[in-house]
K.L.:
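Quick one: the structure is below, and I'll ask about it shortly.
By convention in this document, chain letters (A, B, ...) are assigned in the order of the sequence lines, proteins followed by strands, and residues within each chain are numbered from 1. Computed from a predicted structure; not experimentally measured.
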There are 2 protein chains.
Amino acid sequence: MDAISQQQLNQFRQQAAAYIEFNEAEWIIFIQHLSIKQYRKKEHFTVPGEVCKTIGFVLSGSVRYYHLIDGKDITNYFSFENDYVSSYKSFLTGEPCISYIQALEPTTILTISKKNWDAMLNNPMLAYKIERFGRLLAEYYLICYEDRVTSFITQTPEERYLKLLESGKDIIRRMPQHYIANFLGITPVSLSRIKRRILV
Amino acid sequence: MDAISQQQLNQFRQQAAAYIEFNEAEWIIFIQHLSIKQYRKKEHFTVPGEVCKTIGFVLSGSVRYYHLIDGKDITNYFSFENDYVSSYKSFLTGEPCISYIQALEPTTILTISKKNWDAMLNNPMLAYKIERFGRLLAEYYLICYEDRVTSFITQTPEERYLKLLESGKDIIRRMPQHYIANFLGITPVSLSRIKRRILV
DNA sequence: CCAATTTCTTATCTTAAGATAACGTTTTCA
DNA sequence: TGAAAACGTTATCTTAAGATAAGAAATTGG
C-alpha cells in the first residue's frame with residue numbers, strides 16, 4: 001500500500017467537489033479511508049466470480065470493462081482519469097462480479113474499500129455527506145446508462161458511432177477500434193464498414 | 001389534487017421500507033410533501049421539451065416510456081405498481097425531457113414535486129434520510145440500466161427475449177408485443193419471427 | 001353490439017450485420 | 001532488433017433484421 005501524495009488528494013478533491021465539499025475536519029477523517037493502488041498494464045481491478053470490494057477513482061491511466069462470452073472478449077465500458085471505476089452492482093449488492101475490469105496502461109487508482117465505505121456511512125461525522133456523495137455519483141452514472149440504453153433503442157449502429165465521434169473524444173482517440181465496436185454493440189468488422197460508408 | 005388515503009400511504013411506506021424507514025415524526029413531515037394524481041388511459045406524465053418536475057410512485061396501473069423518432073413510436077421502458085416513475089435525467093438536471101411517459105390504463109401515482117424534493121433535502125429533519133433514499137433509489141435503477149446495457153452488448157435479440165421470458169413476467173404478460181419488441185431493441189415483425197424460431 | 005382500431009403474423013424484398021479468413025501494417029516486448 | 005502478437009481493412013458467404021404491405025384476429029369504445 002503506497003502513500004497518497006498531496007497532489008493526488010488534491011486531484012480527487014477538486015473533481016469530487018462537483019458532488020461534495022468537505023470541511024477540513026471531515027476531510028481529515030475522510031482521507032483516512034482512502035488507499036491507492038498502482039495497476040500494471042493488463043492487470044485486473046475485478047474478475048468475474050469475485051465480489052468487487054472496492055470503488056475507485058482513476059488518478060491516471062485508463063481501464064476497460066469487458067466480458068468473456070464463449071471465449072470472446074467483449075468490451076463494455078471505459079474509465080479514464082477523473083472517472084470512477086467499480087463493478088457497481090457487485091460493490092453495492094455484494095454479489096460476485098460478472099465482468100472483468102482491466103488496466104489498459106499503467107494506471108493509478110485511488111480506492112475506497114467496501115468496508116471503509118460502510119464505515120463512513122455509519123460514522124456520524126461523515127454519514128450525511130457520504131450519503132449525498134453516493135447519491136450524486138449514482139445519479140450521474142444512472143443518467144449515463146439511461147442515455148446509453150436510449151441510444152440502443154432509438155439509434156442505428158451508424159448513428160451511435162456518429163454520436164460517439166462528437167461526444168466521445170477520449171474513447172475515439174485513445175481506444176483501439178475493436179473495443180469501440182464492442183462498446184457500440186457491433187463487431188469490429190462492422191465498424192470498419194460503417195467508417196467506409198461514412199467517408200463516401 | 002385528491003386526498004391521499006391511509007391505505008395508499010401504507011402501500012408506499014411498505015415498499016419504500018426496502019430503502020428507508022421513517023420514524024413517526026419524520027413520516028408526518030414527509031407525507032406533507034406528497035401529492036397524488038390520477039391518470040386516464042393514454043394521459044401523459046411527461047412530454048418531450050418540458051422539464052419533468054416530478055418523481056412518482058405507481059400505486060396502481062402502469063406506464064410506458066416512449067420516443068417519437070421520425071414519427072415512429074418507440075417504447076423504451078415500463079413501470080408497474082410499486083415501481084417509481086420519472087424522467088430521471090430531466091428531474092435531476094432540470095433539462096427538458098426527451099421522452100414521453102404515458103399511462104397505459106387508469107393509473108394512480110403518488111408524486112413528489114422537484115420543489116418538495118429539494119425542500120426535503122434542505123430540511124434538517126429529513127435531509128439525511130432523503131439523501132439516503134435518493135441514493136438507494138438511484139443505485140437500484142443504476143443496476144437495472146447497467147444490466148440492460150450489458151444485455152445489448154453481449155446478447156442477441158433472441159437471447160434478450162428468452163431472458164425476458166424468465167425474468168420479465170410483468171412485461172410479457174401485460175404489454176403488447178410491439179412494445180416489448182421496441183424494449184428489446186428490435187422491430188415487432190422481428191420479434192414475431194423470433195417467437196416462431198423458438199417454437200421449432 | 002358493431003364499426004373502427006389495434007395487434008399480430010406472414011410474405012416479399014432489401015439492407016446490413018455476423019462469421020470467417022486473408023493480408024498488410026503497426027505495435028509489443030523478450 | 002526481430003519474431004510474435006495485435007490491429008484494421010477487405011472480401012466472401014450466411015444469416016437475420018428492417019421496411020413495407022396485406023390480411024386475420026382481437027380489442028376497443030361509442
K.L.:
Where each residue is assigned the nucleotide of DNA chain D containing its nearest heavy atom, which of K42(B) and P176(A) is assigned the position nearer the 5′ end?
P.N.:
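By nearest-heavy-atom nucleotide position, the 5'-most residue is P176(A).
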K.L.:
Measuring centre to centre across the rings, with the benzene-like ring taken for any Trp, is F57(B) within less than 6.0 Å of Y84(B)?
P.N.:
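Here the rings of Y84(B) and F57(B) have centres that are less than 6.0 Å from each other.
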K.L.:
Would you indicate which nucleotide in dT7(C), dA17(D), dC7(D) comes nearest to any side-chain atom of H178(A)?
P.N.:
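For H178(A), the side-chain atoms sit closest to dC7(D).
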K.L.:
Could you check how far CD1 of I186(B) sits from C1' of dT15(C), rounded to whole Å?
P.N.:
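From I186(B) CD1 to dT15(C) C1': 17 Å.
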K.L.:
Under 4.0 Å from OP1 or OP2 of dA17(D): is there any side-chain N or O of R197(B) that close?
P.N.:
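So the side chain of R197(B) is within the cut-off, an N or O lying under 4.0 Å from OP1 or OP2 of dA17(D).
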K.L.:
Would you please confirm or rule out a distance under 4.0 Å between OP1 or OP2 of dG8(D) and any side-chain N or O of K195(A)?
P.N.:
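K195(A) to dG8(D) OP1/OP2: no side-chain N or O under 4.0 Å.
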K.L.:
L184(A) has an atom CG; how far is it from atom P of dG8(D), in whole Å?
P.N.:
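It is 13 Å, rounded to the nearest whole Å.
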K.L.:
Hey, can you tell me if Y39(A) and F45(A) have their rings parallel, tilted or perpendicular (30° and 60° cut-offs)?
P.N.:
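Geometry flag for F45(A) against Y39(A): tilted rings.
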K.L.:
Could you check how far CZ of F152(A) sits from C1' of dA17(D), rounded to whole Å?
P.N.:
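Between C1' of dA17(D) and CZ of F152(A): 16 Å.
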K.L.:
To the nearest Å, how far apart are N182(B) CG and dT7(C) P?
P.N.:
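Rounded to whole Å, this separation is 11 Å.
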K.L.:
Between Y65(A) and F78(A), is the ring centre distance below 6.0 Å?
P.N.:
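Aromatic pair excluded; centres sit 6.0 Å or further apart.
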K.L.:
Could you give the CD1-to-P distance, from I180(A) to dA6(D), as a whole number of Å?
P.N.:
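Going from I180(A) (CD1) to dA6(D) (P), I get 18 Å.
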K.L.:
Heavy-atom nearest nucleotide on DNA chain D for K72(B) versus K41(B): which residue maps closer to 5'?
P.N.:
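On the 5' side of the pair lies K72(B).
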K.L.:
What's the closest nucleotide to the V189(B) side chain, out of dC7(D), dA19(D), dA17(D)?
P.N.:
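Closest nucleotide to the V189(B) side chain: dA19(D).
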K.L.:
Anything under 30° is parallel, anything over 60° is perpendicular, the rest tilted; go ahead and classify Y100(B) against H44(B).
P.N.:
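Y100(B) and H44(B): tilted rings.
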K.L.:
It should be established whether R196(A) places a side-chain nitrogen or oxygen under 4.0 Å from OP1 or OP2 of nucleotide dT9(D).
P.N.:
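Negative; the distance criterion is not met.
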K.L.:
I need the OH-P distance between Y161(A) and dA17(C), as an integer number of Å.
P.N.:
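So the OH-P distance, Y161(A) to dA17(C), works out to 14 Å.
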K.L.:
Any donor-acceptor pair under 3.5 Å between the side chain of R193(A) and the base of dG18(C)?
P.N.:
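Pair found.
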K.L.:
Rounded to the nearest angstrom, tell me the gap between atom CG in D73(A) and atom C1' in dA5(D).
P.N.:
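Between C1' of dA5(D) and CG of D73(A): 14 Å.
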K.L.:
Between dC8(C) and S192(B), is there an OP1 or OP2 to side-chain N/O distance shorter than 4.0 Å?
P.N.:
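No, S192(B) has no side-chain N/O under 4.0 Å of OP1/OP2 on dC8(C).
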K.L.:
So, F152(A) versus F152(B), ring centres under 6.0 angstrom or not?
P.N.:
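Distance test on ring centres: under 6.0 Å, yes.
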K.L.:
Are T187(A) and dA17(C) close enough that a side-chain N or O sits under 4.0 Å from OP1 or OP2?
P.N.:
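Negative; the distance criterion is not met.
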K.L.:
Taking CG from L104(B) and C1' from dT27(D), how many angstroms apart are they, rounded to a whole number?
P.N.:
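After rounding, the reported distance stands at 15 Å.
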K.L.:
Are OP1 or OP2 of dT9(D) and a side-chain N or O of Q177(A) less than 4.0 angstrom apart?
P.N.:
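Checking dT9(D) against Q177(A), a side-chain N or O does come within under 4.0 Å of OP1 or OP2.
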